[in-house]
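Some notes on the structure that comes next.
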Amino acid sequence: MAAAARFDAIVIGAGAAGLAAACVAAAEGMRTLLVEKSPLVGGTTAVSGGMVWIPANPKMAAAGIADSVDDARRYLERAAPPTRDTAVREAFLERGPEAIEYLEARTSLRLRPVVRYPDYYPELLGATLGGRVLEPVDFDARALGRAFPLLRRPLTEFMLFDGMMVSRADLPHFRKALRAPRSAGRVLRLVAGYGWQRLSAPRGTHLVLGNALVAHLLKSALDLKVALRVGARGLRLAVEDGKVRGVEIESSGARETIAARAGVVLATGGFSHDAALRRRLLPPGASAHSPVCAANTGDGIRAGVAAGGRIGERNSQNAFWAPVSHYARADGSECVFPHTVADRGKPGVIAVTRAGERFTSEAVSYHEFVLAMFRAEAIPAFLLCDRRSLWQYGLGAVRPFTLSLARHLASGYLTQGATLAELAARLSVDAEGLARTVTLYNEDARRGVDSQFGLGGNAYQRHLGDAENRPNPCMRPIQSAPFFGIRLVPSDLGTIAGLVTDAEARVLDAGGRPVPGLYACGNDMNSIMDGAYPGPGITLGPALVFGYIAARAMAAALRTSQEEI
């Protein structure tokens with residue numbers, strides 16, 4: 001191989017998985033290069049909720065929450081029935097707590113348990129009502145110094161004042177700011193703090209959610225002397241004598257091959273924006289309008305296949321699904337808004353087909369919601385509410401307490417009707433069907449029991465609702481004119497089908513043998529969930545764990561090879 005061996009480990013992709021792998025590789029004493037195709041660090045993680053699902057994690061016991069690997073295994077057997085060998089899933093369950101302890105001991109990453117956040121199927125054996133979910137501790141971006149501009153911004157629609165992030169815990173204070181003095185005081189302090197931050201920064205420096213997770217890992221990578229190359233695309237893997245020994249990258253029009261003694265980790269984020277792989281692996285009804293980072297175009301998966309790896313195709317689904325709405329912003333950029341937890345399960349919000357009929361509980365998980373869209377052929381579906389619910393909870397990209405709806409109405413994103421019949425006509429929804437649906441829904445809402453789909457019928461669904469709304473936190477009569485609606489299409493929050501690996505995150509060939517020197521994690525690795533979405537953070541949890549596992553396995557292999565010399 002012509003290139004000099006300048007690094008021990010090379011990681012391709014700087015989302016949560018790649019950053020974790022790079023940090024652990026460097027912490028293990030390896031000279032590490034992290035290559036990122038886009039000019040920014042963080043990928044989809046940076047715009048996500050940042051939740052990390054790790055059963056039996058060390059934070060749970062400290063919070064007084066009981067859990068075990070056996071309970072988590074029982075839950076996954078029911079919520080995500082395995083379609084193949086379970087060794088890789090077992091590695092996640094057994095080594096997840098170990099990975100979190102290592103990352104907190106050797107990097108600046110700090111996580112805390114979300115004590116109240118149910119698994120998505122809380123009625124199943126082994127489920128928990130909270131604690132398996134970890135979230136990043138808030139991060140002060142000033143600690144990044146001049147590296148702060150490298151961090152990908154959250155979605156504009158998820159920030160206030162074009163730059164202020166709001167934590168999950170603070171959202172209720174914003175909703176109650178006009179009627180609760182304590183909440184008003186909290187909001188005033190947050191807004192004042194944001195104003196102070198903007199005096200010296202291009203956006204708020206108080207980071208939460210996925211942006212905080214990436215910031216913790218980015219700072220750690222810099223502290224651990226990981227070499228970072230942004231705006232550099234990995235073109236192909238360099239294979240010599242059957243082993244992956246480096247990668248050819250392209251940067252500013254120039255190509256070079258960089259060698260890696262221990263191997264290469266693929267963590268480029270899956271194929272959400274690769275048309276060919278979408279046609280091959282996703283159903284035709286899935287919209288290409290994906291909220292996933294635009295740089296996730298299957299580079300790692302294609303490179304892995306070219307080097308001898310194979311794609312897993314035995315999953316029940318090949319993507320993690322979410323309903324989305326989309327529109328063009330004033331600057332011409334496209335907003336793709338994922339309807340995960342902010343609006344669907346709130347009181348007075350229903351989803352209907354063109355026939356004006358509901359097709360599922362609005363508060364099921366976003367993955368289950370899209371599966372229901374596919375089953376009912378509800379493409380598109382329409383999310384509807386009245387004036388009161390729009391003001392209180394918002395609808396998609398329309399934030400709560402929006403004083404002027406003119407921009408959203410003019411763009412066509414939001415549709416308004418003085419009556420339900422007028423709204424139906426403007427959305428091309430059957431008016432008689434919608435009238436029947438709303439009449440039945442309103443009757444059920446007054447009683448607090450959804451006779452059609454059991455909306456609000458379990459702990460997860462009630463968690464998404466409004467606890468102050470009685471008797472059902474997810475239901476309220478739709479009756480305050482005018483009425484509003486937006487159009488939903490099914491899309492993905494990331495892809496599931498990826499390179500098949502073993503329990504050490506080593507990429508396997510067609511015969512089930514490891515491709516020497518090649519590892520995969522994140523969405524470049526075939527998901528351990530086999531097409532299901534059993535809880536919040538089941539993408540980022542495995543991303544961190546298998547980034548850790550891959551780096552530790554590389555370091556062990558390098559030590560063994562050095563001992564043999």
Side-chain angles (χ1 to χ4, degrees), residues 14-15 36-49 148-166 194 198 201-204 207 209-211 214 230-231 233 252-253 268-276 278 286-299 322-340 342-343 379-383 390 394-416 426-428 484-495:
E36 168 57 42
K37 178 170 71 173
S38 82
L40 300 171
V41 169
T44 304
T45 305
V47 301
S48 75
F148 182 29
L150 288 175
L151 180 61
R152 186 178 300 278
R153 289 170 58 97
L155 287 177
T156 299
E157 289 71 19
F158 286 172
M159 296 189 291
L160 298 179
F161 313 119
D162 194 33
M164 178 183 175
M165 297 196 72
V166 179
Y194 169 70
R198 285 301 300 268
R203 63 180 175 99
L207 307 184
L209 309 175
N211 223 234
V214 172
V230 297
R233 180 181 181 183
S252 301
T268 65
F271 62 88
S272 290
H273 292 286
D274 181 81
R278 289 185 72 92
S287 171
H289 292 282
S290 171
V292 169
C293 175
N296 297 4
T297 56
D299 294 355
V324 304
S325 53
H326 59 93
Y327 70 101
R329 299 187 181 99
D331 63 4
S333 63
E334 182 184 48
C335 167
V336 180
F337 190 96
H339 294 256
T340 52
D343 51 14
I379 305 173
F382 302 89
L383 202 60
L390 182 71
L395 196 65
V398 183
R399 297 189 181 100
F401 314 121
T402 296
L403 295 175
S404 174
L405 302 173
R407 174 170 60 91
H408 292 295
L409 292 170
S411 70
Y413 177 74
L414 182 69
T415 300
Q416 176 178 322
R426 292 181 174 178
L427 291 173
S428 297
F484 300 91
I486 56 176
R487 182 179 183 270
L488 301 180
V489 294
S491 192
D492 68 283
L493 285 179
T495 49

Are Arg407 and Val398 packed together at the side-chain level, in the sense that at least one heavy-atom pair is separated by less than 4.5 angstrom? no
Just wondering, do Arg329 and Glu157 contact through their side chains at under 4.5 Å, heavy atoms? yes
Would you check if the side chain of Asp343 reaches a backbone N or O of Gly396 as a donor-acceptor pair within less than 3.5 Å? yes
Least distance between heavy atoms, Tyr194 atom then Phe161 atom: OH-O, 3.0 Å
Less than 4.5 Å apart, side chain to side chain, heavy atoms only: is that true for Arg278 and Asp492? yes
pair Arg152-Ser38: side-chain heavy atoms closer than 4.5 Å: yes
Considering all heavy atoms of both residues, which atom of Pro380 and which atom of Val489 are nearest to each other, and what is their separation? CB-CG1, 4.3 Å
Interatomic distance, CD@Gln416 vs CG@Leu409, rounded to 0.5 Å, equals 5.5 Å
When rounded to the nearest 0.5 Å, the distance separating CZ of Phe484 from NE2 of His408 is 11.5 Å
Applying side chain to side chain contact (heavy atoms under 4.5 Å, CB included) to Leu207 and not counting sequence neighbours gives Phe139, Ala141, Phe148, Leu151, Met165, Arg203, Asn211, Ala212, Ala215
Strictly distance-based, threshold 3.5 Å: is any side-chain N or O of Tyr327 a donor or acceptor partner for the main-chain N or O of Ala397? no
Tell me, do Leu405 and Leu390 make a side-chain contact under 4.5 Å, heavy atoms counted? yes
Hey, are the side chains of His273 and Val292 touching, using non-hydrogen atoms and a 4.5 Å cut-off? yes
Closest heavy-atom contact between Thr402 and Arg399? OG1-O, 2.6 Å
Looking at Val324 and Pro291, what are the two nearest heavy atoms and their distance? CG1-CD, 4.0 Å
Where the side chain of Ser491 meets the backbone of His289, is there a donor-acceptor pair that is under 3.5 Å apart? yes
Has the side chain of Thr45 got a donor or acceptor atom that lies under 3.5 Å from a matching backbone atom of Gly15? no
Inter-residue atom distance Thr268.OG1 - Asp299.CG, 0.5 Å rounding: 5.5 Å
Side-chain contact, heavy-atom cut-off 4.5 Å: Leu493 with Pro338? yes
Separation of Ile486 CD1 from Phe382 CZ (nearest 0.5 Å): 11.0 Å
What are the two closest heavy atoms between Leu488 and Ser325, and how far apart are they? CD2-CB, 4.3 Å
NZ (Lys37) and OG1 (Thr297) are apart, to the nearest 0.5 Å, by 2.5 Å
Decide yes or no on side chain to side chain contact (heavy atoms under 4.5 Å, CB included) for Leu40 and Val230, but give the supporting numbers first. CA-CA 7 Å; Leu40 300 171; Val230 297; over 6 Å; no
Quick one: are Ile379 and Pro490 in side-chain contact, heavy atoms under 4.5 Å? yes
